[in-house]
Asker: 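Structure in structure tokens, see below.
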Amino acid sequence: MPVPSGPDPLDEALRPPADETPEQRAVRLEREEGARRVSQAIDASIKAERQARRKKRIVRLLLLGQSESGKSTTLRQFQRLYTPTAFREERILWRAVIQLNIVRSIRTILDAISYPPTQSPHTSPYSSPRSRARSISRPQREERNGGGEYIDAIGSSNGNEYYNSPPRHGRQNSHEYPYEPDVDSDGEYPQSVHPGSSSPRSYHQHSHSHSQSQNYHQSSNSFNYPMSTSPPSNPSSTTLASSSPYPYPNPNTYPHPYPSQQANPINSPAFEALKARLLPLRHVEALLIAKLVPPNEDEATHLPNIHGNGNGNGGGNGSYGGQGNGRGAPEIFVRPGPGWKGALARARVGYPTFGGESSDGSVRPTSAGTTGLETQDECQEVLNQCRRVMIQLWNDEGIREVLRRRKIRVEEFPGFFLNDLERVTSLRYMPTDDDVLKARLKTVGVSEYKFEMEVSAGRDSGTEWRIVDVGGSRSQVTTWVPFFDDVDAIIFLAPISGFDQVLAEDRTVNRLEDSVLLWKAVCSNKLLANVDLVLFLNKCDILEAKLNSGIRLAKYVRSYGDRENDLDSVSKYLRSKFSAIHREYSPNPRKFYAFCTSVTDTATTAGIIASVRDMVIRQHLKQSKLL
Ligand SMILES: Nc1nc2c(ncn2[C@@H]2O[C@H](COP(=O)(O)OP(=O)(O)OP(=O)(O)O)[C@@H](O)[C@H]2O)c(=O)[nH]1
Ligand SMILES: [Mg+2]
């Protein structure tokens with residue numbers, strides 16, 4: 001933005017009038033003195049409050065990172081480790097979330113099978129969208145001017161715009177994140193170039209107004225759809241998905257807003273019958289949404305998102321019955337805090353009433369998680385009845401093959417429980433610790449969780465912890481700033497397994513690129529200049545599986561070159577890049593710790609969290625002495 005030249009308007013406004021009389025001057029000075037006294041009093045009271053907080057030993061930790069980076073999971077790890085009783089008591093409440101996760105995974109598969117790649121709501125961000133090879137190395141001028149191959153986010157001089165800019169939506173910011181839908185000659189990831197939304201309608205709109213869409217049009221001839229016309233490689237008639245060819249639209253004539261002829265390309269009677277048997281899941285989904293989303297929370301069911309068409313009701317038009325438009329449903333979210341848990345507990349949702357009132361007077365199941373008694377839960381009953389069909393669907397070779405071809409790795413989705421269907425749909429099912437950590441429930445808003453460690457040693461005892469968990473999607477980043485004040489440490493989560501994925505909320509943005517941009521913004525933020533940073537390079541388990549399956553980092557991060565494509569080398573490389581950004585962008589020198597994590601893994605995360613706890617306490621004590 002151009003800076004206006006000339007006198008500062010604020011100075012102008014504050015300057016005394018040229019014809020000020022001595023009396024007016026005296027009045028003005030007195031008024032200014034009064035204002036100064038008020039300001040000093042406010043400063044003093046803030047300082048006193050801060051000192052009192054330090055004395056009371058209140059430690060504040062902020063969890064930052066993009067959506068699905070693992071912030072809420074990290075918080076759950078803290079709770080599991082340091083308030084285990086409360087964590088155990090609440091496990092049963094996660095069953096509804098897990099039920100919803102299962103239903104959503106099934107829906108994803110049905111959508112993927114039922115709709116061609118161009119229509120499916122579940123292509124990106126889990127389908128290995130491939131942007132052009134990019135470098136996350138520091139921007140070199142030659143690179144920028146030459147190939148333009150680095151992630152532009154790394155190149156901008158200051159990350160603060162991430163906070164200051166208004167929430168970005170859709171493709172409006174494409175100029176800031178110049179992601180050209182680059183098509184590789186091998187056409188390996190055609191789904192990645194599907195621009196914008198999964199909704200054909202919104203794509204249609206884009207195609208008239210954005211030049212990137214035109215690029216897409218121009219380039220759409222140059223690759224083959226992996227599923228364009230061929231059936232799965234093993235066309236065994238025993239598989240559900242293999243008994244019909246796949247009449248996907250000719251890429252030369254694509255896109256059609258609604259290619260009605262191909263609305264449901266799988267017309268195998270076996271598949272149709274199976275879908276019909278899964279129809280009750282629609283009801284389950286609606287029930288769960290009603291349970292999880294408070295009645296006054298309208299936004300959750302109307303949130304436009306990657307899968308949705310902006311008005312999905314989360315349960316009405318999926319593909320269970322093959323009648324809907326199959327464009328999925330919004331991801332259900334909760335506002336952080338005990339609200340949704342309280343609502344579930346109050347509704348009792350069919351859980352047995354083992355417990356009485358808790359100390360705060362609220363009623364919640366207290367030890368149901370350990371009894372293993374049968375419960376009356378309609379959703380669980382329906383899931384239990386559908387479990388054989390779900391298992392059949394998930395284990396069907398033909399369907400697996402379609403998913404493979406479409407690069408849809410359902411097992412890497414958050415909230416994946418399909419390998420545990422027998423166990424998690426049992427009527428006696430009570431979520432384990434691992435299940436709670438694996439469950440996915442998106443956060444919207446910012447909230448502070450207070451707790452005192454049940455399990456505390458030495459100097460920890462008596463310390464009150466306040467962990468701030470934020471919603472990580474792009475539109476929410478601006479809401480973080482008010483929480484930057486008076487923070488002892490930040491844990492920043494960068495899910496490095498996302499190097500071949502795009503953001504759910506903006507499919508033009510590579511996930512790793514977004515994490516780097518966000519990291520830069522956090523490092524350079526002046527309000528956080530003296531806050532120690534802890535970096536979790538997270539989802540290393542998924543990263544390892546990806547690398548082992550042959551997906552190469554160098555395809556997405558060109559600067560990686562021909563280094564070894566294994567977890568150790570990749571994580572070291574990315575760690576050094578994040579560390580370099582920290583050094584370069586931090587306004588002041590400060591402590592920085594980096595860990596390669598899989599925060600769903602209880603064994604490895606316990607040690608890391610203990611180190612972070614010690615480090616935060618140390619820092620807190622140091623700061624207290626300084627005050
Ligand atoms: N396999 C694996 N899954 C993880 C890991 N970390 C988090 N997850 C899963 O990823 C999903 C998203 O994690 P969340 O903790 O909900 O992510 P978040 O950062 O809070 O996301 P928002 O609330 O949208 O901002 C959950 O289903 C987690 O179980 C990890 O290291 N490995
Ligand atoms: Mg969250």
Side-chain angles (χ1 to χ4, degrees), residues 62-80 94 97-102 104-105 108 125-126 292 300 303 305-306 330-337 339-341 409-420 424 431-449 467-480 483 490-498 501 503-506 511 514-515 518 535-546 567 571 595-606 608-609:
L62 189 53
L63 297 167
L64 299 180
Q66 68 184 208
S67 187
E68 287 184 24
S69 56
K71 298 178 295 297
S72 303
T73 312
T74 303
L75 173 66
R76 272 175 252 157
Q77 283 281 17
F78 268 92
Q79 291 168 332
R80 190 186 74 83
W94 284 91
V97 177
I98 293 164
Q99 291 166 345
L100 188 62
N101 289 167
I102 295 169
R104 293 281 165 127
S105 294
T108 301
Y126 301 105
L292 289 166
L303 195 70
N305 91 340
I306 53 159
E331 184 175 7
I332 296 304
F333 69 82
V334 290
R335 299 199 178 271
W340 68 273
K341 293 179 185 166
R409 296 188 294 271
V410 186
E411 55 279 23
E412 286 173 14
F413 283 25
F416 174 76
F417 290 95
L418 297 188
N419 281 340
D420 301 299
V424 297
T432 63
D433 287 10
D434 284 344
D435 292 343
V436 172
L437 295 167
K438 268 173 63 183
R440 165 64 177 160
L441 191 57
K442 177 178 168 163
T443 311
V444 167
V446 181
S447 180
E448 199 173 61
Y449 288 84
I467 302 189
V468 179
D469 183 23
V470 302
S473 57
R474 285 196 145 204
S475 58
Q476 295 177 66
V477 171
T478 45
T479 66
W480 299 0
F483 295 82
I490 285 176
I491 299 183
F492 183 94
L493 289 108
I496 52 176
S497 62
Q501 295 174 341
L503 291 181
E505 59 269 38
D506 186 348
R511 276 186 191 247
D514 183 68
S515 269
L518 208 45
L535 174 68
F536 281 10
L537 294 170
N538 195 34
K539 300 204 177 182
C540 283
D541 55 332
I542 299 180
L543 175 69
E544 186 170 25
K546 264 186 193 176
L567 177 66
S571 56
F595 299 90
C596 293
T597 57
S598 301
V599 296
T600 40
D601 184 297
T602 45
T604 54
T605 309
I608 292 172
I609 286 194

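Computed from heavy atoms alone, side chains included, the values below leave out hydrogens, waters and symmetry copies. One-based numbering, in listed order, for ligands and for the atoms of each. The shown structure was predicted, so the numbers you read here are calculated from the model rather than taken from an experiment.
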Asker: Is the closest side-chain heavy-atom distance between L437 and V599 below 4.5 Å?
Answerer: no

Asker: Tell me which protein heavy atom sits closest to atom 27 (O) of ligand 1, plus the residue, atom name and distance to 0.1 Å.
Answerer: K438 O, 3.0 Å

Asker: Answer yes or no: is there a side-chain heavy-atom contact under 4.5 Å between V97 and L100?
Answerer: no

Asker: Protein N, O or S atoms less than 2.8 Å from the Mg ion (ligand 2), ignoring waters?
Answerer: S72 OG, T443 OG1

Asker: Can you confirm whether L418 sits close enough to I102 that some side-chain heavy atom of one is under 4.5 Å from a side-chain heavy atom of the other?
Answerer: yes

Asker: Considering only non-hydrogen protein atoms, determine which one is nearest to atom 32 (N) of ligand 1 and report residue, atom name and distance to 0.1 Å.
Answerer: D541 OD1, 2.8 Å

Asker: Please check whether V599 reaches ligand 1 - meaning an N/O of the residue sits under 3.5 Å from an N/O of the ligand, judged on distance alone.
Answerer: yes

Asker: For ligand 1, which atoms, with element, lie under 4.0 Å from some heavy atom of G471?
Answerer: 25 (O)

Asker: What atoms in ligand 1 come closer than 4.0 Å to a heavy atom of A439?
Answerer: 26 (C), 27 (O), 29 (O)

Asker: If we only count heavy atoms from C-beta on, is the Q66 to P495 side-chain gap below 4.5 Å?
Answerer: yes

Asker: Could you say whether the N/O atoms of K539 and ligand 1 ever approach to under 3.5 Å?
Answerer: yes

Asker: State, yes or no, whether a side-chain contact exists between W480 and V468 at a heavy-atom distance under 4.5 Å.
Answerer: no

Asker: I need the atoms of ligand 1 closer than 4.0 Å to a non-hydrogen atom of S598, numbered in the order shown.
Answerer: 31 (O)

Asker: Closest approach of G471 and Q476, non-hydrogen atoms and distance?
Answerer: CA-OE1, 3.2 Å

Asker: For Q66, counting its heavy atoms only, list the atoms of ligand 1 lying under 4.0 Å from any of them.
Answerer: 19 (O)

Asker: Grab the two heavy atoms, one from A439 and one from W94, that are nearest each other, plus how far apart they are.
Answerer: CB-CE3, 3.8 Å

Asker: When you measure from atom 16 (O) of ligand 1 to every protein heavy atom, which one gives the shortest distance, and what is it?
Answerer: R440 NH1, 2.8 Å

Asker: Mind listing the closest non-hydrogen atom pair of T604 and S598 along with its distance?
Answerer: OG1-O, 4.2 Å

Asker: Could an N or O of ligand 1 be found under 3.5 Å from any N or O of K442, whether backbone or side chain?
Answerer: no

Asker: Heavy-atom distances under 4.0 Å are what count here, so tell me which part of E412 touches ligand 1: side chain, backbone, both or neither.
Answerer: neither

Asker: Of all the non-hydrogen atoms in the protein, which one sits nearest to atom 6 (N) of ligand 1, and at what distance?
Answerer: N538 ND2, 3.1 Å

Asker: Within a strict 4.5 Å, meaning less than it, do heavy atoms of the S67 and L503 side chains meet?
Answerer: no

Asker: I'd like to check whether T597 has a polar contact with ligand 1, where a contact means an N/O of the residue lying under 3.5 Å from an N/O of the ligand.
Answerer: no

Asker: Are Q79 and Y449 close enough that some pair of their side-chain heavy atoms sits under 4.5 Å apart?
Answerer: yes

Asker: Around atom 19 (O) of ligand 1, find the nearest protein heavy atom and jot down its residue, atom name and distance.
Answerer: K71 NZ, 2.7 Å

Asker: State, with a plain yes or no, whether a side-chain heavy atom of D469 is found less than 4.5 Å away from one of F78.
Answerer: no

Asker: Heavy atoms only: give me the nearest K71-G65 pair and the separation to one decimal.
Answerer: NZ-O, 2.9 Å

Asker: Would you say C540 has any N or O atom under 3.5 Å from an N or O of ligand 1, going by distance alone?
Answerer: no

Asker: Report, in ascending order of atom number, the atoms of ligand 1 lying under 4.0 Å from any heavy atom of I542.
Answerer: 1 (N), 2 (C)

Asker: Show which atoms of ligand 1 fall inside a sub-4.0 Å distance from at least one heavy-atom site of G415.
Answerer: 27 (O)

Asker: Check whether any N or O atom of T73, backbone or side chain, sits under 3.5 Å from an N or O atom of ligand 1, and answer yes or no.
Answerer: yes

Asker: Identify, for atom 17 (O) of ligand 1, the protein heavy atom at the shortest distance, and state residue, atom and that distance.
Answerer: G70 N, 3.2 Å

Asker: For the atom pair OG1 (T74) and CZ (F536), what is the distance rounded to the nearest 0.5 Å?
Answerer: 6.0 Å

Asker: Taking N or O atoms only and a 3.5 Å limit, does P414 qualify as a polar contact for ligand 1?
Answerer: no

Asker: Would you name the heavy atoms of T443 and S72 that are closest together and state the gap between them?
Answerer: OG1-OG, 2.9 Å

Asker: What's the shortest distance from atom 29 (O) of ligand 1 to any protein heavy atom, and which residue and atom give it?
Answerer: L437 O, 2.7 Å

Asker: Of all the non-hydrogen atoms in the protein, which one sits nearest to atom 30 (C) of ligand 1, and at what distance?
Answerer: T600 OG1, 3.4 Å

Asker: Look up atom CZ in F492 and atom CG in L62, then write down how far apart they are to the nearest 0.5 Å.
Answerer: 11.0 Å

Asker: Please find the pair of heavy atoms, one from L63 and one from V470, that lie closest to each other, and give the distance.
Answerer: O-CG2, 3.4 Å

Asker: Quick check on salt bridge (Lys or Arg N to Asp or Glu O under 4.0 Å): which of D433, D601, D435 does R80 satisfy it with?
Answerer: D433

Asker: Measuring from atom 21 (O) of ligand 1, which candidate in E505, R76, E68 has the nearest non-hydrogen atom?
Answerer: E68

